[in-house]
Amino acid sequence: MTAMRILLLNLGLESAEQVNQALSGQGYEITTDRRLTVEKILALSPEVLITEATPSDLSCCGVISQIKASPDPRTPRILMIVHGGALERARALDLGADDVISFPFEPLEFVARVRTQFRERQPELELEAKLKDALQKEHLAETAVQAMSGGTNAKRRFWLILAILVLAALATIISNRHSRKDTLQLRAEVVRLNGGILEQEELLRRAEQARASLTASDASGTRESLKAQTEQIRKKMAADGNTDSESLKKQLDETQDRLNRLENEGRVAETIVHRFGPSVCLLHVVVEFRDKDSGQLILISSDAAGKPVVDDKGMVSLETEGTGPPLQVDAFGTGFLVAHDGRLLTNHHVAEPWWGDEDLKQLLDRGATAFAASYTAYFPGTSEGIAAKLDRISPDADLATLRLQTSAPPHTVLLEIDDRREASVSGDPVVLIGYPTGIDGILARAGSDVTKKVAENAHEVTQVVSQLAAQHLIRPTTTQGHIGDVLKDKIVYDAATTSGGSGGPLFNRDGKVIGVNFAILNGFGGSNLAVPVRYADKLVK
């Protein structure tokens, strides 16, 4: 799933600053521009257009009318900011705006209105995606049937087609559950399968993209922005004297209150990370495939020199007999220590990355089965990974436990779980710890010099992770937010994170685990879903 796109068009300085601050860290792809034609706006393909109408500039009104009259399927949803009350808002709706909000606005309300626009647009996008996917699968299925009707070479081509379908379906699962950043890992695996190595340029590019995403969601930037906003309001109050002093005082109080809450929650987060961070591990799962009929591994065809056999399009050939390496996919997730016997709690879809998608199951059932060849847990502060095995899978939720094959590191502690329903309250602050984007995020935080050195010396994913562990660079990230809603089987929260960090523990203000992160809420920018930890009772207790 690509980042949801927003275009900020013709915003004034004050409204632009407030809009950017409200949307900061929400995971959107934001473009800012002025004086664009309708054609240029549609070419940018924003899903939501945020514009402004002021008494001195009503040019946006004509643009809205033209966009709504356009037959182009890329027409965005339009949220308009107006300066005024009910009369101005009514006029904007009459012009064709999908929603209107008066300036100045409450950031939480503004972000909720933006999410609503994405939610309204989501059914149309999903229908288009399903149609496109169905056409692609129909074409590949026809090709596969033709291949199976031939001899041995044709059947090998069938396995290649099946592998493409498997990887495409895996990409769909990962992008739906996490975010577009997590699909980078899968695309890197396709590169590795094609060329036999993890290309240096690919590794550097992935790390740079992850670094940019981490910078965009830095909580310290939000604090600095609030401090700057406080100083600006004070200067304006001093310059204006008694003019509009009540309004400015209200803005100042609200800004200072947000800053105080953010700093208080930051101290809580620091305590949680210091105590429990060492017990949250990076999970590396290696997935391999077998021929369902013969039970033999699906291998990558290799020549006499041991190099993968590729066609003129650069795609590898697959077989079930030979000396080549097995077809593998590397998946990453988060786990955390919950029992003295070395049990780790994580997601089912982390323990079995192929789980949860009926289309993928059907594809695998036609000729291949997937299995986890190995599990390795990397704890912060340790120089080597610890082998693990699958323990149990929950029949009720997206949860599973793994069991370490040796003792957990001595500096780890068991995370405290609070499975009471009243432990999760809407509006309360939460802290999420995990490994968003897997090794990409770790390399991004390590810096470009480390990334270049690792890229020069490691050519496979396992080698990359081992080098990072040896340098004690594997550390989880921490994001903060608030609970938006508590449902029977889900906790909705807005912790600013670049991706899902699947399997990561969600802490409440008391430092107790109340949920296990498992998905990005489709259609709601910046919102995540967690499985309430009470669903893990049967696994843990």
Side-chain angles (χ1 to χ4, degrees), residues 133 137 140-141 144 147-148 155-178 182-194 283-301 308 315-322 324-333 335 346-377 387-395 398-403 438 460-462 465 500 502-503 518-519:
D133 183 58
K137 287 181 179 178
L140 288 172
M148 282 300 287
K155 291 183 177 180
R156 287 183 179 179
R157 287 197 298 273
F158 168 74
W159 280 115
L160 174 58
I161 294 167
L162 178 61
I164 294 172
L165 289 171
V166 168
L167 291 174
L170 280 173
T172 301
I173 289 175
I174 292 177
S175 61
N176 284 344
R177 283 175 173 162
H178 310 301
D182 282 338
T183 64
L184 294 173
Q185 178 60 38
L186 188 61
R187 288 201 296 271
E189 293 316 303
V190 175
V191 171
R192 184 177 70 84
L193 293 177
N194 289 344
L283 292 176
H284 179 200
V285 185
V286 178
V287 180
E288 295 184 1
F289 304 88
R290 292 186 185 277
D291 175 3
K292 184 178 180 182
D293 294 329
S294 67
Q296 293 179 300
L297 281 176
I298 298 177
L299 308 173
I300 300 173
S301 300
M315 294 301 297
V316 296
S317 298
L318 302 176
E319 60 187 8
T320 56
E321 295 181 357
L327 174 66
Q328 292 183 340
V329 171
D330 293 273
F332 290 93
T346 187
N347 291 134
H348 183 175
H349 78 262
V350 171
E352 295 185 340
W354 60 90
W355 172 80
D357 185 272
E358 291 301 322
D359 291 336
L360 179 57
K361 284 184 178 180
Q362 292 172 12
L363 288 170
L364 294 175
D365 288 345
R366 290 174 186 169
T369 57
F371 66 97
S374 67
Y375 297 98
T376 308
K389 288 187 178 181
L390 181 63
D391 179 50
R392 298 178 66 189
I393 292 176
S394 170
D398 186 2
L399 295 172
T401 50
L402 304 178
R403 192 184 297 267
E460 293 182 349
V461 174
T462 301
V465 187
S502 291
F518 77 95

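Computed from a prediction, not measured in an experiment: that's the story for all the values here. Numbers for residues simply follow the sequence, beginning at 1.
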Determine, stepwise, if the pair Leu390 / Glu352 fulfils side chain to side chain contact (heavy atoms under 4.5 Å, CB included).
CA-CA 9 Å; Leu390 181 63; Glu352 295 185 340; 4.0 Å; yes

Before giving the answer on side chain to side chain contact (heavy atoms under 4.5 Å, CB included), spell out for Val329 and Trp354 the whole-Å C-alpha distance, their side-chain angles and the decisive distance to 0.1 Å.
CA-CA 10 Å; Val329 171; Trp354 60 90; over 6 Å; no

Arg392 CZ to Leu399 CG distance, which is reported to the nearest 0.5 Å:
12.0 Å

Taking atom CD of Glu319 and atom CD1 of Ile300, what is their separation to the nearest 0.5 Å?
10.0 Å

dist Leu297:CG -> Phe289:CZ (nearest 0.5 Å) comes out at 11.0 Å

I need the minimum non-hydrogen distance between Gly324 and Leu299, along with the two atoms involved.
O-CD2, 3.7 Å

Nearest 0.5 Å please: distance from the OG1 atom of Thr369 over to the CZ atom of Arg290.
7.0 Å

Checking Asn347 side chain against Asp398 main chain: does a donor-acceptor pair fall under 3.5 Å?
yes

Kindly compute the distance separating CD (Glu288) from CD (Gln328), expressed to the nearest 0.5 Å.
4.5 Å

Looking only at non-hydrogen atoms, find the nearest pair between Ala372 and Ala351 and report the distance.
CB-O, 4.3 Å

Decide side chain to side chain contact (heavy atoms under 4.5 Å, CB included) for Val465 and Phe332; before the verdict, give the C-alpha distance in whole Å, the side-chain angles of both, and the deciding distance to 0.1 Å.
CA-CA 11 Å; Val465 187; Phe332 290 93; 3.8 Å; yes

All heavy atoms of Gly503 vs all of Thr346, minimum pair found to be CA-OG1, 3.9 Å

Just how far is it from atom CZ of Phe518 to atom NE2 of His349, taken to the nearest 0.5 Å?
9.0 Å

Which atom pair, heavy atoms only, marks the closest approach of Leu402 to Leu283?
CD1-CD1, 3.9 Å

